Participant: 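Can you keep this structure in mind? I'll have questions shortly.
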Amino acid sequence: MAIRYEEEHRIFHLQTPKTSYIIGIMEGRYLLHLYYGKKIQSYPDFMRHLPIRKGRSWECEDVSHPDYCLGTLSTEYPCYGSGDFRSPAFHAEYEDGSAVTCLTYAGYELYRGKKPLKGLPATYVEKAQEAETLEILLRDELQGLEVVLSYTVFADFDAIIKSVRVKNAGKHSVRIKRILSSTAYVFDKDFEFVHLEGAWARERHIQKMPLINGTMSIDSKRVSSSHYHSPFLAIARPSATETQGDVYGYSLVYSGNFLAEAEVDSKDVARIQMGINPFGFQWLLEKGEEFQAPEVVLTYSANGFGEMSRTYHKLYRTRLCRGNFRDAERPVLINNWEATYFQFNEEKILDIARLAKSAGVELMVLDDGWFGKRNIDNCSLGDWFPNREKLPEGITGLANKIVDIGMQFGLWFEPEMVSEDSDLFRAHPDWCIHIKGREKTTSRNQLVLDLTRQDVRDYIVKAVSDILESAPISYVKWDMNRNITEIGSAKLPTERQQELPHRYILGIYEVLERITTAFPNVLFEGCSGGGGRFDAGMLYYYPQYWTSDDTDAIERLYIQHGTSMVMPASTMGAHVSAVPNHQVKRTTSLKTRGNVASVGQFGYELDLNTLSEDEIQTVKAQIQRYKEIREVIHQGQMYRLRSPFEGNDTAWEYVSEQKDEVVLMHCTIQAGVQRGLSQVKLEGLDPEATYREIDTGETYRGDFLMHVGLYFSNDRDYESQLMVFRKIKTVK
Ligand code: GLA
């Protein structure tokens, strides 16, 4: 059993292939987090081995155990009000005006499999035998509140999946102010707080800072996980590298306002918490109702960041992403956005498509500007009807012509938005999020539709479905280009207005669930001004995401490297665009742009008609090569061999499950004169096998590639290599 309850010691022991997570029941009342780390077989008599210091003066006494108090215990799901003055996981106001909750242990249930989370994205099982779930019941006797802590352990993944559900079993309504999804601890402070920071076109750069006594946090208040911080945190030993050292990962499967924090107390114990951001959150829970908080995926790796990421990659790729495209090869696409922006017509799109088809591209994507009177970004969002001046035969006519050329056709939408200059806004001015009497702040000239409303959600589902049914459309790019201000809904009652941020996210999840289920043969790619809502929650609906609006190959080294901390290559949209690059004006070779984009979901974002004949030949070769290696890139194990954040070059390696196919991408950032060579040692190979590099025909043994490695000179700016190795034999 992966999860067992040991009655004698009153502990729950959760075991993954390489880790143990242990929870103890103290004095029959308090649930304590005792251990998370390398797998152990038993944890006897935990009161003798408590990893925390006893309380001294100024700590409150505990009713049941004179030596300990809640203020120093590592409570598994802490509340405020009975002596624990650190940040709580849960906080609520009750009918009697009090705001103190005291949760004590009330029982558990253990079962095979994993239940879905109502209305929320979540990791899942295909067969019940894949996982076991423990549900621990906590109760506040006075208020009649029941809290269920859920823990799932998959047989094949070193991850613990935690979520929280609360039920109002009392007599009166309860106002929840804070309901985090996970609390965990590390018992000394010699760790770093590692997170992904960014901005538009500079998403997910890795940041590290030492834990110090006090609270460190990242969050979002944008009603979107955002470009700025990702709902991910690692707590890692300062000496941890890609291949060694303790690394704890916490990834929230949620796309809205979040909080991730580490609070180091006076005893140097760090409480790590994650969940929906309590800022801007409230939920009125009526008698008998339940509230489900999203799940957090915890990982522990004794072997550095690389192993942590590989656990996330495989779990998210195979048990969070869903649908027909989860395991399928995705098409090489060409998108017209940077080729034409809003200035296109049917002939122009067909022109781009014809040449792309002859180069091997499989899917033509028509981006923004095909609907209403949208020739600029200040109008028409909401009016999802083809612009007949640009497309005389509409989307149906264009899509059919693209199919006739021999390509699939894809289309851009931004369904969550409305322009003030649109028929939709004129007909339904109260459908946008706003506060009556207060000026509306626009961003990219647009407002956000109120997805807390059923009528608005139904409109979106119908508008998008009508277009999808009207033409042979195989792919949708679902964009979302602003954050939410003036939070208010014309429909929600006064006492529920503050529920809007979470209700909005539940609303978008419902819309995406309905549309993706109705169109299982359409590949959905998420987008939010690039990678603004590229989070684990969204992977449940979109198996791929536009990683960033910055398509410069060098900028992408940082963005893709940071993104790969959690996200698998199969989810990262990556395109070759024109030079000088539109975002940073840098010129890099077509080869390097192709190499960096090839290690994601590959495509082009330029008009191939502007390239020379030689360049077209290069494009053809790139596409052909990509088609040969896409399976290993998307389904293999990724190793980050050199980091752009730590040096002057980047190297990523992808190895198939059978270790018989290997792709190595190396890229120099800045050239230098008389500098040392970069020694790149491969990982994860069969040491006894012989591998042939397919371009040069040179052969190497696996142990040579792993221990001696390959040397790169870094003497040309932005020079890169994409090397493919195939196992030819194993020599014993
Ligand atoms: C966003 C997307 C881009 C493009 C434009 C269209 O910025 O990230 O890729 O689709 O919108 O307006």
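Ligands are counted one by one from 1 in listed order, and the atoms in each one are counted from 1 as well. Note that the structure is predicted; figures quoted are calculated from it, not measured.
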Participant: Answer yes or no for Arg222 and Tyr228: cation-pi contact, defined as NZ/CZ to six-membered ring centre under 6.0 Å and angle to ring axis within 45°.
Facilitator: yes
Participant: Determine the interplanar angle of the Trp337 and Phe342 rings, folded into 0 to 90°, and report it as parallel if under 30°, tilted if 30 to 60°, perpendicular if over 60°.
Facilitator: perpendicular
Participant: More than 12 heavy atoms of other residues, nucleotides or ligands under 6.0 Å from NZ of Lys462: is that the case?
Facilitator: no
Participant: Cation-pi check for Phe413 against Lys477: NZ or CZ below 6.0 Å from the six-membered ring centre and within 45 degrees of the axis, yes or no?
Facilitator: no
Participant: Can you list every pair that meets ring pair (Phe, Tyr, Trp, His ring centres under 6.0 Å) and has a residue in residues 440-459, with sequence neighbours left out?
Facilitator: Trp431-Tyr459
Participant: Who's touching ligand 1 if we go heavy atoms under 4.0 Å?
Facilitator: Trp337, Asp367, Asp368, Trp412, Arg444, Lys477, Asp479, Asn481, Cys527, Gly529, Gly530, Trp546, Asp549
Participant: Within 45 degrees of the ring normal and closer than 6.0 Å to the centroid, is that where the cationic atom of Arg322 sits relative to Tyr541?
Facilitator: yes
